[in-house]
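Indexing begins at 1, ligand by ligand and atom by atom, following the structure's order. All values below come from the heavy atoms of this structure, side chains included, with hydrogens, waters and symmetry mates left out.
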Amino acid sequence: MTNSSSEPGEQSGRDRIGARQPSPPLEAGLYVVATPIGNLRDITLRALDILGAASRVYAEDTRVARKLLDAYGLKPRLAAYHDHSDDAVRLQILDALAAGESVALISDAGTPLISDPGFKLARAVIEAGHRVFPIPGASAALAGLVASGLPSDRFLFAGFLPSKQSARRAALAELAEIDATLILYETGPRLAESLADMSAALGARDAVVARELTKLFEETRRGTLATLAAHYDSAGAPKGEIVILIGPPPEAPAASDEDLDAFLTAALTRGGVKEAAQEAAKTLGVSRKRAYARALELKA
Ligand code: SAM
């Protein structure tokens with residue numbers, strides 16, 4: 001059975017069970033294709049179809065790309081793309097799109113644009129009126145999150161922190177305010193120092209160091225930021241690729257009625273019921289409704 005649903009940008013060189021079919025030409029546009037973060041089998045059938053059918057494939061590093069493409073017997077027209085590249089390559093890609101070509105973008109591993117080249121290109125492509133098609137797949141950030149056991153309902157991906165300590169500490173001070181699981185990329189040599197800075201800036205939070213995900217020596221080490229910092233300080237820099245995941249700030253204990261009354265009584269000497277309630281809600285983390293109702297009672 002052939003795949004008859006022809007959504008825009010959908011390329012199916014395979015039928016529903018994955019057998020190769022002759023590929024129809026791809027719709028013009030930029031195809032942002034995720035590739036594995038370690039295990040070569042973590043590539044989607046659709047990614048292989050697109051890489052096999054695109055008029056050109058641009059890669060962060062053509063030697064790395066060639067290894068992946070060779071593993072799947074693909075021989076596309078391949079060139080290098082990096083956001084730091086001069087504008088000439090971007091213009092070349094825009095010309096190709098204007099001529100109706102399909103262009104695929106891959107990075108060395110995982111999803112392009114995620115701490116990888118591609119953002120400037122995607123923006124330029126959209127500004128020029130062409131389409132950008134996501135071809136989703138592996139990304140170390142999400143792989144680390146789902147293996148971490150930390151809350152996954154709200155998270156913030158912050159990429160690599162600055163390597164200079166003063167800038168890193170300033171970045172951590174901003175992140176300390178965020179009520180979400182934090183996801184960061186880090187390198188082995190900087191890991192112990194970074195974890196120590198995180199512990200100082202963020203306090204006693206649960207954290208996970210996820211290393212070599214999807215690879216032979218995959219490891220997820222859990223602890224507080226302080227215990228993880230101490231571990232890597234004594235064990236030395238680990239080999240391989242690393243994602244750090246940090247749990248959200250612990251919830252403040254609920255304010256007692258006595259705490260709320262004391263706060264509101266003082267606040268009511270400075271302002272009205274509304275202002276006192278707002279101040280109490282912000283400072284004590286109680287609901288505005290509770291603070292307002294009690295402030296009204298105290299004022300009466
Ligand atoms: N675009 C990629 C993605 O979607 O995850 C990330 C590219 S970024 C240049 C590379 C960083 O991602 C590594 O230094 C490491 O922090 C993280 N990373 C990549 N592969 C990983 C893996 N298999 N296990 C843990 N972290 C990984």
### Query
Is the shortest heavy-atom distance from the side chain of L202 to the side chain of L182 under 4.5 Å?
yes
### Message
Is it the case that the side chain of E275 and the backbone of G272 share a donor-acceptor pair, with hydrogens and angles ignored and the cut-off at 3.5 Å?
### Response
yes
### Query
Does T111, backbone or side chain, put an N or O under 3.5 Å from an N or O of ligand 1?
yes
### Message
My understanding is that we take every heavy atom of each candidate and find the minimum distance to atom 8 (S) of ligand 1. Doing that for A141, A140, S115, which one comes out nearest?
### Response
S115
### Query
Looking only at atom types and distance, does a side-chain atom of E241 sit under 3.5 Å from a main-chain N or O of E212, one as donor and one as acceptor?
no
### Task
Look at the side-chain heavy atoms of Ile, Leu, Val, Met, Phe, Trp and Tyr, link any pair under 4.5 Å apart, and say whether L172 and I183 land in one connected group.
no
### atom 26 (N) of ligand 1 - nearest protein heavy atom and its distance
V243 CG2, 3.3 Å
#### Entry: Close N or O approach (G110, ligand 1; < 3.5 Å)
no
## Note on the structure
One finds that the ligand 1 atoms under 4.0 Å from a non-hydrogen atom of I114 are 1 (N), 2 (C), 4 (O), 6 (C), 7 (C)
### Query
Can you tell which of L213, I242, L113 gets a heavy atom nearest to atom 22 (C) of ligand 1?
L213
### Message
For residues 98-113, which residue pairs pass the side chain to side chain donor-acceptor pair (under 3.5 Å) check, not counting sequence neighbours?
### Response
S55-S102, R56-E101, S107-D116
### Query
Where do Y81 and D83 land on the side-chain hydrogen bond (donor to acceptor under 3.5 Å, both in side chains) test, with the steps shown first?
CA-CA 7 Å; Y81 174 78; D83 273 342; 2.5 Å; yes
### Query
Quick one: does A109 get an N or O within less than 3.5 Å of an N or O on ligand 1?
yes
### Query
Should R211 be counted as touching ligand 1, given the test is an N or O pair under 3.5 Å?
no
### Message
Give the atom numbers and elements of ligand 1 that come within less than 4.0 Å of a heavy atom of F160.
### Response
8 (S), 11 (C), 14 (O)
### Task
State whether D261 and R294 are salt-bridged, where the test is any N-O pair (Lys NZ or Arg NE/NH1/NH2 against Asp/Glu carboxylate O) under 4.0 Å.
yes
### Message
Heavy atoms only, cut-off 4.0 Å: how does A34 contact ligand 1, side chain, backbone, both, or neither?
### Response
neither
#### Entry: Per-residue contact class, E212 against ligand 1 - non-hydrogen pairs under 4.0 Å
backbone
### Task
Sort and list the pairs that fulfil side chain to side chain donor-acceptor pair (under 3.5 Å) and have at least one residue in residues 135-152, not counting sequence neighbours.
none
### Task
Specify the protein heavy atom at minimum distance from atom 20 (N) of ligand 1: its residue, its atom name, and the distance to 0.1 Å.
E241 OE2, 3.4 Å
#### Entry: Y185-ligand 1 polar pair, N/O distance under 3.5 Å
yes
### Backbone N/O of G247 and side chain of R205: donor-acceptor pair under 3.5 Å
yes
